[in-house]
Amino acid sequence: MANLASLLRLPGSMKEISWQLLAGPVLIVMILSMMVLPLAPFILDLLFTFNISLSIMVLLVAMFTRRTLEFAAFPTILLFSTLLRLSLNVASTRVILLDGHTGSASAGRVIEAFGHFLVGGNFAIGIVVFIILVVINFMVITKGAGRIAEVGARFFLDGMPGKQMAIDADLNAGLIGEEEAKKRRLEITQEADFYGSMDGASKFVRGDAVAGLMIMILNVIGGLLVGMLQHNMSAGFAAESYTLLTIGDGLVAQIPALIISTAAGVIVTRVSTDQDVGQQMVSQLFANPKVMLLSAGILGLLGMVPNMPNFVFLLFTAILLGLAWHVRGQQQSGQNVTVPAILVRSTEEASWADVQLEDPLGMEVGYRLIPMVNIAQDGELLGRIRNIRKKFAQETGYLPPVIHIKDNLELAPGHYRFLIKGVEIAGGEAFPGRWMAINPGGATGKLPGELTQDPAFGLPAVWIETALREQAQTQGYTVVDASTVVVTHLNHLLNQFSGELFGRQEAQQLMDRVSQEMPKLTEDFIPAVVTLTTLHNVLKNLLNERVSIRDMRTIIETLVEHAPTHTDLHELTALVRIALGRSIVQQWFPGSSEMQIMGLDPALEKLLLQALQNAGGLEPGLAGKLLVQVQQALQHQDMLGAPPVLLVNHTLRPLLARFLRRSLPQMAVLSNLEIDDNRQVRMTFIIGSDKNNENKY
C-alpha cells in the first residue's frame with residue numbers, strides 16, 4: 001500500500017498506468033452496478049447504444065482479422081458482452097415493471113423505438129420476430145459455431161505434437177533460429193489456449209439466448225400481474241403496454257447477441273491466410289468467370305418463365321454477366337503482363353543475394369532416405385540429430401553448427417554423406433525399414449542379408465529384415481535401425497572434427513555465454529590478456545585432442561596466469577592441459593580405479609627427446625617403426641578392454657600427439673604432469689621394449 005500511495009503521489013505516475021488496464025475493472029463495476037442500482041431511462045439509452053456499438057465493432061474486427069491470434073481476446077470479450085447484455089436485461093426489467101404503466105417511453109427511447117418502429121407497435125408481430133431471432137441465434141449460429149469450436153479445439157490439440165516437431169525440424173535444419181523457434185512455439189501454445197477458450201465461450205452465447213427467452217416470458221407475465229393488480233389496468237391494455245416494452249427490450253438485447261454470435265462463427269470458421277474474411281470471400285467466390293456465366297444463364301432462364309419477377313431475375317443476370325466479363329478481362333491482362341515481368345527479372349544485375357555461402361556442417365541424402373528426414377512421413381532422424389547436438393554441447397562445452405540437410409539426386413538412393421564447408425568428410429548407406437546387425441566381436445553364426453560395415457567404427461555388419469531382429473540379438477549381434485546408424489555416425493564425426501567445427505564465431509558465442517555466468521572472470525580478459533584469436537586457437541587445440549572445454553573457469557584462469565609470459569600456442573595449450581589434468585584423466589579412466597596405460601621405453605624416449613631438440617622431427621625409419629609398435633600396443637589394449645591411452649614425458653607429448661593423430665585418431669597421448677599423484681598407474685605395454693610385461697609406474 002505504501003508503494004501504491006507513493007506511486008499515486010507522483011505527478012507523472014498516471015502516465016505510466018495505461019488506460020487499457022482500467023477497462024476490465026470499470027466494465028465489471030458497471031455490470032454489477034446495473035444489476036443492483038436502478039437506472040434512469042436516459043442511462044439505459046446510453047448503455048443499450050454502447051452495447052450495440054460494441055457488438056458491431058466486435059463483428060468488424062472479426063471480419064478484418066487475418067489470423068486467430070490477432071483477436072485472441074475474443075473469448076474474454078464474448079464473456080463480458082454476454083454479462084453486459086444480461087445486466088442490461090435486469091436493469092431494463094426493473095424499469096419496465098416499475099414505470100411501464102406511465103407510457104411507452106418509460107424505459108427509454110431505444111426500447112420504445114425497437115418496440116414500436118421495428119415491429120409497427122404490434123406486440124404479436126414483435127413476439128414472432130423475437131422468437132425467430134432467438135431460434136436463429138440459438139439453433140443455427142450458436143450451435144454451429146459451438147460445434148466447430150469444439151472440433152477445432154480437438155483437432156488443434158491433436159496436431160500440436162506434429163507442429164512442435166515441425167518447428168524442431170526447421171530449427172535443426174537451420175531454416176529458423178532459436179528466437180524464431182521460441183516465437184512459433186509460443187504461438188502454437190496461444191492458439192491451443194484460444195481454441196480451448198472458444199470451445200467454452202460458445203456456451204455463454206447459447207446460455208444468453210436461453211436467458212433472453214426466459215426473461216421475455218417473465219417480463220410479460222410480471223407486467224400483466226403488475227399492471228392488473230397494482231395499477232388497476234385492464235388485461236388488454238396491460239398486455240399491450242408491458243408486452244411492447246418487453247419486446248423492445250428483448251429485441252435491443254437479441255440483435256447485439258446475434259451480431260456477437262455471428263462474429264464468433266466468423267472467428268471459428270475462417271481459415272488462416274494472409275487475407276481477411278471479406279477478401280477471402282470476394283477473391284474465392286468471384287474468382288472463376290465460368291461460375292458466374294453459368295449462374296447468369298440459370299437466372300436468365302428463370303427470368304423468362306411467365307409469372308416470375310422477370311425484371312429482378314434479368315437484372316441479376318446482367319450483373320453476373322458484367323462481373324464475369326470484368327474478371328475474365330483482368331485475368332487475360334494479368335497473363336499478358338507476366339511475360340514482360342519475366343523478361344525484366346531475367347535482365348536484372350547479379351547481387352550479393354546470389355552468393356551462396358557454404359554451410360559449416362551439412363548432410364546430403366539420396367531420395368530413398370528422404371522419409372527419414374521428413375516429419376510428415378514420421379521421420380525421426382531430425383529429432384535424433386537435435387538430441388545429438390544437445391548431448392555434444394553438454395559433453396564438449398560448445399554448441400556445434402546447425403546441420404543443414406538437403407536431398408541430392410546425384411547420390412545413390414540409399415546413400416548419405418556429411419560435409420564440412422562443402423567438402424565431404426564421410427558417407428554411408430542406410431536402408432529405412434531394415435536393421436543393421438553389428439558384430440561387436442563375439443557374435444556367432446551368420447545372418448542372411450547384405451554384408452556391410454558399421455560406418456562409425458568400421459565393424460563388420462549385415463543389413464537384415466525385421467523378422468530376423470530377435471534372432472540376431474540372440475546370436476550376440478548389436479541390432480540398430482537405420483536412423484540410429486546415421487545418428488551414431490554423425491556423433492562419431494562431431495567428436496572427431498570438433499576442433500574444425502569450432503570457429504571464431506563459436507568462440508565468441510562461448511565467451512558471451514561465460515560472461516553471462518561469470519562476468520567478473522571475463523572482465524578485461526579479451527583483449528587485455530589474450531586476443532580472441534589466441535583463445536580460439538588454444539580451445540581448438542584442446543578440441544583436436546578430444547579434451548572437453550566445459551571448464552572455462554580453469555581455462556581462463558590458466559591463460560590469465562601464463563599468457564603474459566608465454567606466447568607460443570602449443571605451450572599455452574600444454575599449460576591448460578596440465579590445469580585440466582584431473583578432468584582429462586577422468587574422461588578416459590572414470591572413478592579412482594587403477595589406470596591401465598601404455599608407455600615408452602626409456603631408450604626410445606631418450607631418442608625421441610634428442611630428435612625433438614635437434615628440431616628435425618622424426619626420421620622416416622624411426623616414425624615407421626614407432627607407428628607399427630603403437631598399433632601393436634593398441635591391439636593389446638583392446639584385448640584387455642583398456643582405453644587407447646599413451647603416457648609420455650611432458651616435453652614429448654605435443655610431438656607424439658600430433659604425429660599419432662594423423663594415423664590413429666582414436667588414440668590419446670597424456671603427459672606425466674597431467675596425472676594426479678594419487679592415481680595408481682600400471683603399464684600394460686612398453687613401446688620400444690622387447691619385454692612388454694606389466695610394470696608398476
Side-chain angles (χ1 to χ4, degrees), residues 178 360 387-401 491 494-593 595 643 645 647 650-651 653-654 657 661 668-679:
E178 290 287 347
N387 295 333
I388 286 295
R389 292 183 70 235
K390 288 183 178 180
K391 180 175 177 289
F392 178 87
Q394 293 169 356
E395 294 179 350
T396 308
Y398 80 94
L399 184 66
N491 184 50
L494 286 177
N495 288 283
Q496 182 179 350
F497 293 93
S498 59
E500 189 171 348
L501 293 173
F502 185 75
R504 187 180 178 90
Q505 179 178 349
E506 283 73 22
Q508 183 61 61
Q509 291 173 341
L510 178 59
M511 282 303 301
D512 295 339
R513 178 71 179 88
V514 176
S515 298
Q516 294 177 0
E517 294 290 333
M518 297 173 283
K520 294 297 182 182
L521 179 65
T522 58
E523 186 177 358
D524 298 331
F525 176 64
I526 295 178
V529 179
V530 297
T531 63
L532 181 63
T533 302
T534 301
L535 175 65
H536 169 231
N537 288 327
V538 170
L539 295 177
K540 189 172 182 179
N541 289 341
L542 294 173
L543 291 170
N544 284 332
E545 297 180 357
R546 289 181 292 172
V547 176
S548 172
I549 58 175
R550 290 181 56 190
D551 189 4
M552 285 299 296
R553 178 193 293 270
T554 301
I555 295 174
I556 293 176
E557 289 176 347
T558 305
L559 291 177
V560 169
E561 181 181 356
H562 297 285
T565 57
H566 296 76
T567 57
D568 186 74
L569 290 175
H570 297 296
E571 291 183 6
L572 287 175
T573 304
L575 292 171
V576 172
R577 282 185 60 99
I578 294 175
L580 297 174
R582 184 178 290 111
S583 63
I584 295 175
V585 172
Q586 282 291 321
Q587 176 183 348
W588 295 102
F589 301 96
S592 58
S593 59
M595 298 170 55
V645 178
L647 182 65
H650 177 69
T651 308
R653 199 211 67 80
R661 189 164 62 238
V669 182
L670 269 61
S671 162
N672 56 344
L673 298 182
E674 296 169 2
I675 299 180
D676 193 0
D677 295 337
N678 297 326
R679 293 299 297 266

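Numbering of residues begins at 1 and proceeds along the displayed sequence.
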On a heavy-atom basis, which atom in [X] and which in [Y] lie closest, and how many Å separate them?
| X | Y | result |
| --- | --- | --- |
| His650 | Ser671 | ND1-OG, 2.9 Å |
| Arg546 | Ala668 | NH2-N, 4.0 Å |
| Leu559 | Leu535 | CD1-CD1, 3.7 Å |
| Leu580 | Ser548 | CD1-O, 4.4 Å |
| Gly499 | Asn544 | CA-OD1, 3.3 Å |
| Ile675 | Met595 | CD1-CE, 3.9 Å |

Self-check item: Residues which pass salt bridge (charged side-chain N to carboxylate O under 4.0 Å, His left out) with Glu395, listed by chain and number, not counting sequence neighbours
Solution: Lys391
Quiz item: Would one find more than 12 heavy atoms of other residues, nucleotides or ligands at under 6.0 Å from atom CZ of Arg679?
Solution: yes
Please tell me if the side chains of [X] and [Y] come closer than 4.5 Å, counting only heavy atoms from C-beta onward.
| X | Y | answer |
| --- | --- | --- |
| Val547 | Leu543 | no |
| Leu399 | Phe392 | no |
| Leu501 | Pro401 | yes |
| Asp568 | Thr573 | no |
| Glu674 | Arg653 | yes |

Quiz item: Between the side chains of Thr533 and Arg504, is a donor N or O closer than 3.5 angstrom to an acceptor N or O?
Solution: yes
Quiz item: For Asp512 and Gln516, does a side-chain donor sit closer than 3.5 Å to a side-chain acceptor?
Solution: no
Rounded to the nearest 0.5 Å, how far does [atom2] of [Y] lie from [atom1] of [X]?
| X | Y | atom1 | atom2 | result |
| --- | --- | --- | --- | --- |
| His566 | Glu561 | NE2 | CD | 10.0 Å |
| Ile549 | Leu539 | CD1 | CG | 5.0 Å |
| Leu673 | Leu575 | CG | CG | 10.0 Å |
| Leu670 | Gln587 | CG | CD | 9.0 Å |
| Met552 | Glu517 | CE | CD | 12.5 Å |
| Leu572 | Ile555 | CG | CD1 | 12.0 Å |

Quiz prompt | Result of checking Val530, Thr558, Val576 against Val538 for side chain to side chain contact (heavy atoms under 4.5 Å, CB included) | solution = Val576
[X] side chain to [Y] backbone, donor-acceptor under 3.5 Å:
| X | Y | answer |
| --- | --- | --- |
| Tyr398 | Ser498 | yes |
| Glu506 | Pro400 | no |
| Thr531 | Thr534 | yes |

Quiz item: Taking 4.0 angstrom as the limit, do Arg577 and Glu545 come out as a salt bridge?
Solution: yes
